[in-house]
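Below is one structure, written out as structure tokens; comments come after it.
One is the number of the first residue; the rest follow in order along the sequence. One-based numbering, in listed order, for ligands and for the atoms of each.
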Amino acid sequence: MPATCRSTTRNCSTLPRPTSKRISMKKSNIPYLKRPTSVRQLEDGDSTPRASTFDVSEGTSRQADLRSEPVSMTSSIVENCGSESASPTEARDIVSDMNTRCRIGAKSTVLKAKRIRFYRNGDQYYKGMWYALRCDRVKTMQPLMEDLNKAMCDSTILTHGIRHIFTIDGSTRITDIDQFEDNCSYVCSSTDTFKNMDYAKAQEPSWRFTLTSTFNRYRDSSMALNSLGQANERTDFVFPRIITIIRNGVKPRRVVRHLLNKKTARSFDQVLTDLTDSVKLDSGAIRKLFGISGRQVLSLEDFFREDDVFIAYGNERTAADDFLVVSEECKRVPARYGRKQRKSFQQRHMPLRNESLRLDRSGSVVPDEQARHLPPSLEELFDVERLIGDGNTALVYEVIDKRFNDRRALKVIARENAYGKEALIESELRILQKISNDFIVQMFEYWPINGSFYMSLELIRDGDLFEHLRQVGRIEERQAARMIACVAEALRYLHECRIVHRDVKPENLLLLQDEHGELALKLADFGLACELQDDTPLTAICGTPTYVAPEVLTERGYNEKVDTWATGIILYVILCGFPPFQSMEGENSQAELFRQIATGDFSFPSPAWDGVSWAVRHLIICLVTVDPEERFSAQNVLENEWIKQFGEVEQEYETWAQFTVQSHVPNEDVEETDYEYFMSRRTSMDELSESGREEFVFQRSYS
Ligand SMILES: Nc1ncnc2c1ncn2[C@@H]1O[C@H](COP(=O)(O)OP(=O)(O)OP(=O)(O)O)[C@@H](O)[C@H]1O
């Protein structure tokens, strides 16, 4: 062995993990050789791998190298390797690799390989695989087939293995190794039927018409239709709809919510691309989608049928078990899946805890025990007492801060949930650091540790407004006025600071007793909050369906007024126990819900609203106003007579309010029973809020 090789071996084996090894190999104009498939094989004395594969997908620069230079060994690899660092295992592999190359260099100096590209029969999405065929090593078809089978087949692609190889035009079947020509492309197939297509024009799945299981059947029509272009795709059936995508894999699986509407669903292609980005399958692009009912998604319209929960696959196989939603996944999947169905929904009721729609903060499932285990540096500071809150992305614990012997809330966003959302979490932290107000939950400290985030917050002991409502059913006007004043105070402060909360809802309003023993509220969860820049309207679609403002859905651009819309919805809900906008289960509930929100069409049905003042109805109308310009601001709320008088206004004001409300809501069906109201409005729980558990239904009496 030449001296250079020996010294290389010694240097490489002592080096830690590489950072630039691959780059230096490229610089040396050596084609990018994959590590020999088996180190053992080399150590056993078979000093040269039969052939090395070149995966085109690994980078264009490598392909360029491959095409421009013949396979040869130069001492520059050896020298470059000496400047690298490698982990012990990797270093051993590198050494074997280098040894192999050096010995090759020593023995034969020049190795000429044929550079051949292999495609998969009928796979328009496969960019091909380069293969360096050294005829002195691969003398028959059998070892070549073995290599190709290893590199190109799996349980879903070419499942029967490669049995036939064709020239790129299908004119000839290759039966002898000598038939391969340098710089030519070939097609590998399991069957003897060649599929004629333009293999060189490989592209990522375009998703227009077909997916893999029906792939072959539809391929030709798909390609023909693709050429018609996106403009021809029908979208007249598109309406605002939230779909839930479950990533296939080990349970509990990642669950992602996605809003479809005219803007986000212009084409099947666009939806699949967006879903690929947010679902992040290990295997790359989404290639198959099935509705939870088992129906495969083959077109844009399939997203708007009865299924709104889908399982996403790349190249993985489907299994019946994938369609069963386990309990840890249920909290992010609409209630009707995996939970007991409600038998009756004849009365309107409070929604289930509402999940925020945050396209860019879709969470994953992290078991409580996992998040409960604090890192050592925090274990020194806190004793965890109990879990007090379970949000979309965070778990909140009551803890004792040992430094001050004081109770705090510790909000934990586990790494699994924080992954990819760091910027948003940091924005939440930035905003929380900036603000301080009596009506907002205070953050004291925070720690980003190993990808997880921990926030020490003011502890609010009496739970949240949602749970309170669940217990009491409805809140009387005097109390409601105090509560809404708290919300308005918090919002006035935030809006003055040019901050929009974007997720005001009962679940994010924490309860405490003020110094007079009255219930007060503090606003929490700034996970969706953002700062307004100049007068630029916000456009990101987020919020919670029951409370979301129409301008968010219609994507006209919005500002801080989305928070006062939500305040109006909350005021309505706390006074009667159900939200103003609801849609009927069994129909396309979200579409109906969003349609109602967009039109702002609601009323005060009897008997739930009997006995509720006209003054507060007037305030609700001023808040639940479709035009944000016309809608009350937080300041307007604080100046409102009903708020200022704690729900007990003068008769004169009440008479004026009655006149104004009745002229605004001329067709109010004051005589309706709940059931009649329900049927006439064709409303029910929206997809996110519908109750799958009886205990979440308000036990209200309308006497
Ligand atoms: N400071 C606090 N004191 C007491 N309980 C709290 C506190 N902060 C949050 N909680 C409880 O924990 C729950 C979840 O907290 P939070 O809403 O901040 O989590 P999240 O995952 O960011 O929420 P979301 O589901 O809206 O994304 C709240 O609904 C509330 O019940």
Side-chain angles (χ1 to χ4, degrees), residues 255-257 330-333 351-366 368 371-372 382 384-401 406-419 421-422 424-429 431-432 435-446 452-471 490 501-513 520-530 540 542-548 563 566 570 688-689 696:
V255 177
V256 173
R257 322 276 287 157
C330 280
K331 69 175 181 176
R332 294 192 46 78
V333 172
L352 269 181
R353 289 188 80 87
N354 287 279
E355 187 182 350
S356 311
L357 169 64
R358 38 179 77 181
L359 290 183
D360 37 11
R361 274 198 65 177
S362 48
S364 57
V365 181
V366 178
D368 176 20
R372 196 185 192 104
F382 299 110
V384 177
E385 293 278 290
R386 64 190 178 104
L387 180 73
I388 48 173
D390 176 4
N392 197 14
T393 47
L395 292 171
V396 180
Y397 296 96
E398 181 174 336
V399 295
I400 296 176
D401 189 325
D406 199 5
R407 286 178 186 268
R408 299 261 195 267
L410 189 69
K411 179 167 170 173
V412 181
I413 305 178
R415 187 175 54 207
E416 291 80 352
N417 287 350
Y419 182 72
K421 305 158 202 158
E422 293 81 0
L424 285 143
I425 296 168
E426 275 155 19
S427 150
E428 174 178 358
L429 293 170
I431 289 174
L432 279 170
I435 57 179
S436 171
N437 182 269
D438 287 345
F439 299 94
I440 295 174
V441 174
Q442 187 69 41
M443 182 181 76
F444 300 116
E445 292 164 279
Y446 71 93
S452 299
F453 292 84
Y454 302 83
M455 298 175 211
S456 161
L457 304 166
E458 174 186 6
L459 174 67
I460 312 293
R461 293 165 190 270
D462 297 323
D464 61 46
L465 179 59
F466 184 89
E467 290 305 323
H468 181 69
L469 270 173
R470 201 160 73 82
Q471 283 158 22
H501 184 279
R502 301 200 291 187
D503 207 12
V504 180
K505 58 182 176 181
E507 292 86 332
N508 289 337
L509 290 165
L510 305 187
L511 274 174
L512 71 163
Q513 291 205 338
L521 293 176
K522 288 205 183 207
L523 183 58
D525 190 4
F526 283 69
L528 284 183
C530 76
C542 59
T544 297
T546 303
Y547 303 92
V548 75
D563 290 340
I570 293 171
L688 287 182
S689 60
F696 277 92

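Close contacts of ligand 1 with T393, meaning ligand atoms under 4.0 Å from a residue heavy atom, involve 20 (P), 21 (O), 22 (O). Remark: ligand 1 atoms within the under-4.0 Å shell around heavy atoms of E458 are 1 (N), 2 (C), 3 (N). Near V441, the atoms of ligand 1 lying under 4.0 angstrom from a non-hydrogen atom of the residue are 1 (N). For ligand 1, the atoms lying closer than 4.0 Å to a non-hydrogen atom of I388 are 4 (C), 5 (N).
At a 4.0 Å heavy-atom cut-off, ligand 1 touches D503 through the side chain alone. Residue V396 touches ligand 1 through its side chain alone, judged by heavy-atom distances below 4.0 Å. Counting heavy atoms closer than 4.0 Å to ligand 1, residue E467 contributes nothing at all.
Between D462 and Q513 the shortest side-chain heavy-atom distance falls below 4.5 Å.
With a 6.0 Å cutoff to the six-membered ring centre and a 45° limit on the axis angle, R408 does not count as a cation-pi contact of F382.
D525 and K411 are joined by a salt bridge, as a carboxylate oxygen and a charged side-chain nitrogen come within less than 4.0 angstrom of each other.
In this structure, the side-chain contact (heavy atoms from CB on, under 4.5 Å) partners of E426, at least two apart in sequence or on a different chain, are E422, F453.
For the 3.5 Å distance criterion, the side chains of D503 and T544 qualify, holding a donor opposite an acceptor.
No donor-acceptor pair closer than 3.5 Å links the side chain of S452 to the backbone N or O of A414.
The only option from L429, L410, V412 that meets the side chain to side chain contact (heavy atoms under 4.5 Å, CB included) definition with M455 turns out to be L429.
Nearest residue to atom 12 (O) of ligand 1 from S456, A409, G389 is G389 (criterion: closest heavy atom).
Checked against a 3.5 angstrom limit, the closest N/O atoms of A394 and ligand 1 fall inside it.
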